[in-house]
Amino acid sequence: MPDPAPDTVQSRLASVLARVEAREAQSGRAPGSARLIAVSKTFGVDEIRPVIAAGQRRFGENRVQEAQAKWPLLREMADDIELHLIGPLQSNKAKEAVALFDAIHTIDRDKIAGALADEIAKQGRKPQLFVQVNTGLEPQKAGIAPREAAEFVERCRTVHGLAIGGLMCIPPAGEAAGPHFALLAKMAAEIGVSELSMGMSGDFETAIAFGATYVRVGGAIFGSRPPIAPAVAPDEPAAG
Ligand SMILES: *Cc1c(COP(=O)(O)O)cnc(C)c1O
């Protein structure tokens, strides 16, 4: 497909936004109902600045420490930046996470839910909260098993006092993503939460067709990342 636009981060952002808008329309959804999170993990402040300058305000990072190093400076560029934690969280980083992030997508066990609840009460902040579901039941992947999700969301609400607003998933690599997105949407409807965080560079249009309210797109905006080790559930020893 010929693309006359120069290959810059601005042109790639514009192209992703156009694709989001087109798929919203095609799926009969309201414009703006699928919100773009630009995933800036591994990219430095000099690579992120032009994306903020181009008008993007919602960003995703997967490590608390990396985000802490980058975002206090970047936030000075605009007062309406929204920062989303999309990577696994360790309970000993709950304080930093609550202080820094406006949304946390990766709640998947009571230890994390409890630690976040304590910090939310202490700091008086109200990040938007998602429960991560391991829709592919992959042993190496974070997230609660689908059959335990409804009960876990209920415990988040009643035991921990957390206002869970949505569900998040990362479908297994190399599998069709559609059935995983359909499952997450069905679970959200049953549980009674409205936000769906699903879809990445390779499948965000499919996710929008299945009802994603947030898509998390990195490579299609920022370019390819150097390969990194797969994430493991942080409080568990790495499988060897
Ligand atoms: C890295 C990452 C993304 C973005 O992936 P791309 O393929 O670069 O778009 C989305 N969600 C999560 C949880 C990620 O870790």
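Read the numbers this way: they start at 1 and go in the same order the structure lists the ligands and their atoms.
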Find all atoms of ligand 1 within a distance of less than 4.0 Å from any non-hydrogen atom belonging to [X], and give their numbers and elements.
| X | result |
| --- | --- |
| Arg216 | 4 (C), 9 (O), 10 (C), 11 (N), 12 (C), 13 (C) |
| Gly219 | 6 (P), 8 (O), 9 (O) |
| Val217 | 9 (O) |
| Ile170 | 13 (C) |

How far is [atom] from the closest protein heavy atom, and which atom is that?
| atom | answer |
| --- | --- |
| atom 5 (O) of ligand 1 | Met200 CE, 3.5 Å |
| atom 12 (C) of ligand 1 | Ile86 CD1, 3.5 Å |
| atom 6 (P) of ligand 1 | Ser201 OG, 3.5 Å |

For ligand 1, is there an N or O atom under 3.5 Å from any N or O atom of Gly202? no
What about Asn62: any of its N or O atoms under 3.5 Å from an N or O on ligand 1? no
Lys41 contact mode with ligand 1 (heavy-atom cut-off under 4.0 Å): side chain
Could you establish whether Arg225 and ligand 1 come within less than 4.0 Å of each other, counting only heavy atoms on the residue side? yes
Quick one, [X] and [Y] - any side-chain contact, counting heavy atoms below 4.5 Å?
| X | Y | value |
| --- | --- | --- |
| Ile107 | Phe152 | yes |
| Arg155 | Glu148 | no |
| Asp102 | Pro127 | no |

Checking Tyr214, Phe59, Phe130 against His84 for ring pair (Phe, Tyr, Trp, His ring centres under 6.0 Å), the one that qualifies is Tyr214
For the backbone of Phe43 and the side chain of Ser40, can you confirm whether one donor and one acceptor N or O come within less than 3.5 Å of each other? no
Main chain of Gly136, side chain of Lys141: is a donor-acceptor contact present, judged purely on distance under 3.5 Å? no
Residue pair Glu195 / Thr213, side-chain donor-acceptor N/O under 3.5 Å: yes
Looking at every non-hydrogen atom in both residues, tell me the closest pair between Ala34 and Arg29 and how far apart they are. N-NH2, 3.9 Å
